[in-house]
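Read through the structure below, which is laid out as structure tokens, and then see the notes.
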Amino acid sequence: MVPKPPPKAPLTAAIASVIRQIPRGRVSTYGAIAAAAGYPRCARHVSKVLNQVPGLPWQRVLGSGGRISLPGEYGFEQRFQLEAEGVRFKGRRVDLATFEYHFPRTPRGALRRRP
DNA sequence: ACTGTGACACTGG
DNA sequence: ACCAGTGCCACAG
């Protein structure tokens, strides 16, 4: 039997996993990541995961429309990092049509809002 | 068990 | 186009 599987924050682990799938030179958004992890309405939680789990490609995560949500100097840092990977900006935004990474599939049945 | 939190998304002015 | 306000929802203390 299993000694002790970590039934901790399934959402956190799922989101972290999804973020790691983003290849270099591509980006994604909070909402898309949350949805790909199976939790469509938990975009806000993605930010929490980025702060909790180190080693993630945090710079590849953008807000809706390809905007940088991270304020302050870190925001510029993010922009530099992305440009270093080949991601181009149009004004303050990234052209998602070109650089957004589309995840292969939602790992689990996505929670859908009840009608 | 309850309350606060968060690098959001979306809508209206 | 931009800003401010509102809704959202699982996690952590």
Side-chain angles (χ1 to χ4, degrees):
Chain A
M1 69 170 39
V2 230
K4 181 131 201 186
K8 263 182 141 178
L11 181 157
T12 302
I15 288 178
S17 179
V18 169
I19 294 174
R20 282 185 200 123
Q21 317 296 315
I22 307 173
R24 190 172 172 290
R26 299 279 174 191
V27 301
S28 190
T29 64
Y30 297 89
I33 289 169
Y39 298 80
R41 304 307 175 272
C42 293
R44 305 195 80 166
H45 215 331
V46 175
S47 60
K48 213 169 277 215
V49 173
L50 288 172
N51 278 291
Q52 294 244 334
V53 183
L56 296 175
W58 60 271
Q59 66 265 38
R60 295 174 194 156
V61 184
L62 301 170
S64 63
R67 289 190 306 87
I68 288 183
S69 300
L70 186 59
E73 297 297 325
Y74 291 97
F76 287 91
E77 176 86 20
Q78 179 174 22
R79 176 160 180 156
F80 295 137
Q81 294 275 352
L82 288 175
E83 290 184 323
E85 292 186 1
V87 177
R88 306 271 212 83
F89 277 74
K90 297 195 120 170
R92 298 187 185 130
R93 302 184 164 186
V94 169
D95 182 4
L96 292 180
T98 304
F99 298 102
E100 182 174 21
Y101 174 68
H102 297 277
F103 298 98
R105 262 190 193 191
T106 63
R108 306 235 124 255
L111 275 62
R112 291 201 299 208
R113 204 186 198 175
R114 317 178 335 179

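So that the names make sense, note that chain A is the first sequence line, chain B the second, and so on, each numbered from 1. Scope of the values below: all heavy atoms of this structure, side chains included, with no hydrogens, waters or symmetry mates.
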Of the candidate nucleotides [options], which contains the atom at the shortest distance from the side chain of [X]?
X	options	answer
A:Leu70	C:dA12, B:dA7, C:dC8	B:dA7
A:Gln78	B:dC8, C:dA10, B:dA7	B:dA7
A:Arg41	C:dC9, B:dC10, B:dA7	C:dC9
A:Arg92	B:dC8, C:dC8, C:dC2	C:dC2

Value in whole Å for how far the [atom2] atom of [N] lies from [atom1] of [X]:
X	N	atom1	atom2	value
A:Leu11	B:dG6	CG	C1'	13 Å
A:Ile15	C:dA10	CD1	C1'	9 Å
A:His45	C:dA12	NE2	P	6 Å
A:Leu56	B:dA7	CG	P	14 Å

**Asked** Pick one: which of A:Gln59, A:Gln78, A:Arg93, A:Arg92 meets side-chain contact (heavy atoms from CB on, under 4.5 Å) with A:Ile68?
**Response**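 Only one of A:Gln59, A:Gln78, A:Arg93, A:Arg92 forms a side-chain contact (heavy atoms from CB on, under 4.5 Å) with A:Ile68, namely A:Gln78.
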**Request:** Using a 4.5 Å cut-off on heavy atoms from C-beta on, say whether the side chain of A:Ile19 contacts that of A:Val46.
**Result:**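 Side chain of A:Val46 against side chain of A:Ile19, heavy atoms only: contact under 4.5 Å found.
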**Asked** Contact class for A:Arg67 (heavy atom, under 4.0 Å): base, sugar-phosphate, or nothing?
**Response**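 Since no nucleic acid heavy atom lies under 4.0 Å of A:Arg67, the category is nothing.
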**Closest-nucleotide 5' rank along DNA chain C - winner of A:Lys48 and A:Arg44** =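 Here A:Arg44 is the residue nearer the 5' end.
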**Prompt:** Start at the 5' end of DNA chain C and walk down; is the nucleotide closest to A:Gln52 or to A:Cys42 reached first?
**Reply:**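 The answer here is A:Cys42.
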**Request:** Determine whether any donor atom in the side chain of A:Tyr30 lies under 3.5 Å from an acceptor atom in the base of B:dA7, or the reverse, and answer yes or no.
**Result:**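 Answer yes: a donor N or O sits under 3.5 Å from an acceptor.
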**Message:** Within a 6.0 Å radius of atom CZ on A:Phe89, are there more than 12 heavy atoms belonging to other residues, nucleotides or ligands?
**Reply:**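 Yes, CZ of A:Phe89 has more than 12 neighbouring heavy atoms, counting only those of other groups under 6.0 Å.
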**Asked** Which of parallel (below 30°), tilted (30 to 60°) and perpendicular (above 60°) describes A:Tyr101 and A:Phe103?
**Response**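 Rings of A:Tyr101 and A:Phe103: perpendicular, over 60°.
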**Prompt:** Looking at A:Ser69, does any N or O in its side chain come under 4.0 Å of the phosphate oxygens OP1/OP2 on B:dA7?
**Reply:**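 Answer no for this pair, as no side-chain N or O of A:Ser69 is under 4.0 Å from OP1 or OP2.
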**Prompt:** Would you say A:Asn51 reaches B:dG6's phosphate, i.e. side-chain N/O to OP1/OP2 under 4.0 Å?
**Reply:**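 Answer is no, no contact under 4.0 Å.
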**Request:** Once you apply the 3.5 Å cut-off to both distances, tell me the Watson-Crick or G-U wobble partner of C:dC9, or none.
**Result:**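 WC or wobble partner is B:dG6.
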**Prompt:** Any salt bridge between A:Glu85 and A:Arg60, counting N to O under 4.0 Å?
**Reply:**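 A salt bridge links A:Glu85 with A:Arg60.
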